[in-house]
Amino acid sequence: MMRKSLEELRALLLEQKAILESMLKLSGEERQVIIAGESEKLEDIVRQGFRELSKLGQVEKKRATLHKAIAAEFGLTEQDLTVSVIAENAEPHEREAIVTLQKELTELIGQHSALNKENTELIKAHLEYSETMLELMVEPDDPLNNFYGGDGRAAAEKKKTTGFFNGQA
């Protein structure tokens with residue numbers, strides 16, 4: 001019974017690894033698209049990333065259920081069952097496979113996290129740049145100039161455009 005559970009765990013971890021590799025590849029593509037400023041491609045990549053994330057969630061649910069079963073087999077609580085505990089009680093070839101997968105998954109998660117953080121910073125920089133450019137083109141010199149009256153409607157006497165584009169055709 002234990003061998004079957006460990007083989008199922010190994011299969012699920014391999015499936016998670018493949019999904020994480022796909023997500024890492026997508027994050028790399030996302031980085032290139034962000035740098036190139038190709039926003040139309042970004043939407044497709046993000047959509048693909050969400051599909052992969054959904055797959056990962058489904059596999060993680062299966063893994064959590066299996067984790068509960070393996071914990072019961074060992075007579076442990078789910079919190080006490082770790083990869084180290086599984087490795088201690090596994091055959092040498094099973095132990096090696098599971099520990100190797102744990103290391104590979106940890107590395108993939110670290111790479112993915114770092115790349116996503118970088119992508120977030122790139123997107124933030126692009127948005128700040130775009131906002132600055134828009135402000136230079138349409139904002140008045142006086143940032144305290146309020147375009148709205150007390151009733152919340154645009155106050156015609158307060159509209160003053162000093163930017164290149166004034167919104168009128």
Side-chain angles (χ1 to χ4, degrees), residues 9-68 78-79 81-84 86 97-169:
L9 177 62
R10 184 176 170 277
L12 288 173
L13 293 175
L14 283 170
E15 194 173 346
Q16 284 184 321
K17 179 183 172 198
I19 294 168
L20 283 170
E21 287 171 338
S22 176
M23 291 175 72
L24 183 62
K25 182 180 179 235
L26 283 171
S27 288
E29 291 173 14
E30 181 179 5
R31 182 179 191 278
Q32 294 304 315
V33 164
I34 292 167
I35 290 170
E38 299 172 322
S39 58
E40 67 281 350
K41 290 182 182 179
L42 184 60
E43 183 180 339
D44 186 49
I45 291 171
V46 169
R47 192 175 303 115
Q48 289 176 39
F50 279 126
R51 279 194 295 264
E52 291 299 310
L53 194 58
S54 176
K55 287 182 201 175
L56 188 63
Q58 292 170 2
V59 175
E60 182 57 22
K61 283 181 186 176
K62 292 177 188 176
R63 192 210 53 79
T65 301
L66 183 59
H67 182 88
K68 187 183 275 188
E78 291 177 61
Q79 294 78 18
L81 183 67
T82 64
V83 173
S84 299
I86 292 172
I98 289 176
V99 170
T100 298
L101 274 169
Q102 177 198 26
K103 288 178 184 174
E104 291 171 350
L105 286 167
T106 300
E107 185 178 316
L108 278 170
I109 290 168
Q111 290 173 353
H112 193 253
S113 177
L115 191 51
N116 277 345
K117 185 176 180 181
E118 195 175 310
N119 285 349
T120 299
E121 292 301 316
L122 285 169
I123 289 171
K124 191 174 171 182
H126 273 282
L127 289 173
E128 288 172 0
Y129 174 77
S130 296
E131 184 178 346
T132 300
M133 293 307 297
L134 285 171
E135 286 174 359
L136 287 173
M137 290 190 292
V138 297
E139 288 292 317
D141 287 332
D142 178 10
L144 298 176
N145 184 20
N146 189 348
F147 295 138
Y148 301 96
D151 62 356
R153 293 188 180 148
E157 70 278 358
K158 293 189 177 187
K159 286 187 180 180
K160 172 176 96 173
T161 304
T162 58
F164 180 68
F165 296 102
N166 65 4
Q168 297 178 2

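A quick note: this is a predicted structure, and the numbers were derived from the prediction, not measured.
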Please confirm whether the backbone N or O of [Y] pairs with a side-chain atom of [X], one donor and one acceptor, at under 3.5 Å?
X    : Y    : answer
S22  : A18  : no
N119 : I34  : no
T120 : N116 : yes

For Q16 and R63 the tightest heavy-atom approach is OE1-CD, 3.9 Å
Closest non-hydrogen contact found for L42 with V33 is N-CG1, 3.6 Å
Is any NZ, NE, NH1 or NH2 atom of the basic residue among [X] and [Y] found under 4.0 Å from an Asp or Glu carboxylate oxygen of the other?
X    : Y    : answer
K41  : D44  : no
E21  : K25  : no
K103 : E107 : no

Within a radius of less than 6.0 Å around CD of E121, do more than 12 heavy atoms belonging to other residues, nucleotides or ligands occur?
yes
Do [X] and [Y] have side chains that approach each other closer than 4.5 Å (heavy atoms only, starting at C-beta)?
X    : Y    : result
K55  : E52  : yes
Q58  : S54  : yes
L115 : Q111 : no
Q32  : E29  : no
R10  : L13  : no

Starting from the C-alpha separation in whole Å, work towards a yes-or-no answer on side-chain contact (heavy atoms from CB on, under 4.5 Å) for K17 and L20.
CA-CA 5 Å; K17 179 183 172 198; L20 283 170; 5.8 Å; no
Under the criterion side-chain contact (heavy atoms from CB on, under 4.5 Å), which of V83, T106, L14, L12 is the partner of L101?
L14
Qualifying residue, where the test is side-chain contact (heavy atoms from CB on, under 4.5 Å) with R31 and the options are L26, I45, L122, I123:
L122
Rounded to the nearest 0.5 Å, what separates atom CD in E15 from atom CD in E60?
11.5 Å
